[in-house]
Amino acid sequence: MKKPYLGEREFLYAISVRFMKRFEDISSVDVNTKDVFMFKLDSGHTLAVNCKFDDLYSDYKKGLSIDTIFEKMLKCMNAETLKGKFIDAFASVAKKDNILKNVKLCPVDSKKITVNEHGCIFNGYETYTMSKCDITFIPKLYNNSNSQIPVTKGLCRTLGITKPELFNAAINNTSNSKYNFRSLKSMIEDLGIPCPDVPLYVITSNTVKSPALFISDKVMNDISKKVHDDYWIFPSSTEEFIVVPKSVLSVSDKEDITVLADIVRQANVEADVIKDGVFLSDNLYQYDRGKGFSIAEGNDYEQNNDIELD
């Protein structure tokens with residue numbers, strides 16, 4: 001009789017157990033965020049490793065063993081030859097110069113940030129945060145496409161990195177990140193589906209979580225040049241965002257802005273982004289070439305563009 005397949009949660013647990021058996025310094029593995037394995041180490045470090053869960057589970061359903069899938073993951077992380085210490089896969093990057101060269105901002109769900117006597121805590125680790133127009137960012141070291149290492153306060157203290165030094169580097173590196181600007185029409189037609197010329201554009205990036213680009217006036221202005229207009233910003237997730245030129249989607253009064261904001265909130269509910277762990281914001285945003293990036297609210301036309309550091 002054919003053995004039944006494990007469910008998704010059981011499959012993730014089986015992968016987690018293999019990590020803990022392979023590496024003695026892993027104290028726990030959190031798999032509650034889709035497409036991310038969060039490793040808590042005995043040293044107190046927390047390391048986040050990206051994965052494409054749907055692909056992993058699909059391989060499993062096609063007949064690949066869990067052990068084979070686990071070894072494939074190790075190979076992608078350049079950790080297949082390691083024994084004993086998981087931190088060894090990342091130790092070489094934990095140097096001050098390397099961190100300041102590669103740290104970037106990562107947009108996160110601010111509801112997952114807690115504050116205690118030590119400061120801000122995100123997913124169990126103490127970190128600095130930056131906010132702009134109610135969006136929260138934390139600094140992460142982008143080691144490669146498969147891993148993002150949170151730059152904790154403890155690591156900064158150990159390496160002698162000051163908070164201004166860290167965020168100046170993170171803002172600069174994020175602003176210089178490459179991004180993809182594509183029309184909805186071209187994306188749909190790439191799938192072989194005819195599409196009318198819809199003036200809606202999707203911003204993605206392979207080198208940073210795309211909404212991190214909100215921090216960069218240079219990038220925001222560059223997008224306005226591409227659409228030849230000011231624009232509305234729909235924060236579809238922590239992974240990407242959508243822009244629509246204002247001349248295409250014009251508003252005549254505050255009530256219209258409220259309607260647009262309601263579209264964002266409803267889209268978040270229907271897409272279930274909170275469940276998928278990629279929720280960013282329920283707000284509608286805008287970019288004005290004269291005023292910059294701000295929240296668009298029905299009862300407030302004033303710009304709210306201040307940057308706050310914690």
Side-chain angles (χ1 to χ4, degrees), residues 35 52 104-109 132-135 137 142 145 171 173-252 256-273 276 278-298 301 303-305:
D35 293 338
K52 294 183 178 180
K104 296 181 181 180
L105 296 176
C106 181
V108 298
D109 180 358
K132 183 175 184 179
C133 295
D134 90 333
I135 296 178
F137 308 89
Y142 280 70
S145 60
I171 291 171
N173 295 336
T174 302
S175 297
N176 290 324
S177 297
K178 295 181 179 179
Y179 66 92
N180 306 308
F181 176 90
R182 297 194 64 190
S183 68
L184 178 65
K185 173 181 173 65
S186 67
M187 294 177 67
I188 292 179
E189 288 183 342
D190 282 350
L191 299 174
I193 303 173
C195 179
D197 191 8
V198 180
L200 181 154
Y201 305 91
V202 181
I203 313 300
T204 59
S205 174
N206 296 325
T207 59
V208 72
K209 300 290 187 183
S210 302
L213 299 172
F214 294 163
I215 207 72
S216 173
D217 291 333
K218 180 180 73 174
V219 172
M220 295 288 98
N221 188 56
D222 184 50
I223 292 173
S224 74
K225 291 178 181 178
K226 293 180 184 295
V227 300
H228 307 289
D229 199 356
D230 298 334
Y231 53 88
W232 303 109
I233 302 168
F234 294 81
S236 49
S237 72
T238 56
E239 306 293 324
E240 63 184 20
F241 60 94
I242 297 168
V243 303
V244 181
K246 285 193 174 183
S247 58
V248 173
L249 193 59
S250 62
V251 299
S252 58
D256 287 342
I257 292 182
T258 302
V259 170
L260 292 181
D262 285 340
I263 291 174
V264 175
R265 286 187 281 272
Q266 188 60 36
N268 281 337
V269 171
E270 292 181 358
D272 215 356
V273 293
D276 287 342
V278 293
F279 173 80
L280 180 64
S281 173
D282 272 335
N283 286 318
L284 171 72
Y285 299 87
Q286 61 185 332
Y287 181 78
D288 183 289
R289 285 166 289 186
K291 297 180 180 179
F293 177 83
S294 64
I295 299 173
E297 297 180 302
Y301 279 102
Q303 183 180 12
N304 178 15
N305 200 35

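When reading the values below, keep in mind they use all heavy atoms of this one structure, side chains included, and skip hydrogens, waters and symmetry mates.
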Single hit among Ile203, Val202, Asn180 for side-chain contact (heavy atoms from CB on, under 4.5 Å) with Glu240:
Val202
What pairs with [X] under side-chain hydrogen bond (donor to acceptor under 3.5 Å, both in side chains), at least two apart in sequence or on another chain?
| X | answer |
| --- | --- |
| Tyr287 | none |
| Asp288 | none |
| Thr174 | none |

Would you compute the distance between atom [atom1] of [X] and atom [atom2] of [Y] and round it to the nearest 0.5 angstrom?
| X | Y | atom1 | atom2 | value |
| --- | --- | --- | --- | --- |
| Ser216 | Ile223 | OG | CD1 | 9.0 Å |
| Tyr285 | Lys132 | OH | NZ | 11.5 Å |
| Gln286 | Trp232 | CD | CH2 | 5.0 Å |
| Leu213 | Ile233 | CG | CD1 | 10.5 Å |

Shortest non-hydrogen contact between Ile295 and Cys133, atoms and distance
CD1-O, 3.6 Å
Ignoring hydrogens, what is the shortest heavy-atom contact between Val278 and Glu239? Give both atom names and the distance.
CG1-OE2, 3.9 Å
Whether Asp229 side chain and Ser247 backbone form a donor-acceptor pair below 3.5 Å:
yes
So, Thr238 side chain and Pro107 main chain: donor-acceptor pair closer than 3.5 Å or not?
no
Show your working on side chain to side chain contact (heavy atoms under 4.5 Å, CB included) between Tyr142 and Thr207 and close with a plain yes or no.
CA-CA 8 Å; Tyr142 280 70; Thr207 59; over 6 Å; no
Any side-chain heavy atom of [X] sitting closer than 4.5 Å to one from [Y]?
| X | Y | value |
| --- | --- | --- |
| Ser210 | Tyr179 | no |
| Ile171 | Phe137 | no |
| Tyr201 | Pro245 | yes |

Please enumerate all residues that pass ring-ring contact (aromatic ring centres under 6.0 Å, His included) together with Phe214, with sequence neighbours excluded.
Phe241, Phe293
Is any side-chain N of the basic residue among Asp109 and Lys209 closer than 4.0 Å to the acidic one's carboxylate O?
no
Passes side chain to side chain contact (heavy atoms under 4.5 Å, CB included), Phe234 versus Leu284? Steps please.
CA-CA 6 Å; Phe234 294 81; Leu284 171 72; 4.0 Å; yes
The criterion is salt bridge (charged side-chain N to carboxylate O under 4.0 Å, His left out); which residues satisfy it with Lys104, sequence neighbours excluded?
none
For Asp230, enumerate each residue passing the salt bridge (charged side-chain N to carboxylate O under 4.0 Å, His left out) test, keeping only those at least two apart in sequence or located in another chain.
Arg289
Under the side chain to side chain contact (heavy atoms under 4.5 Å, CB included) criterion, do Asp222 and Lys218 qualify, and how do the steps go?
CA-CA 6 Å; Asp222 184 50; Lys218 180 180 73 174; 5.8 Å; no
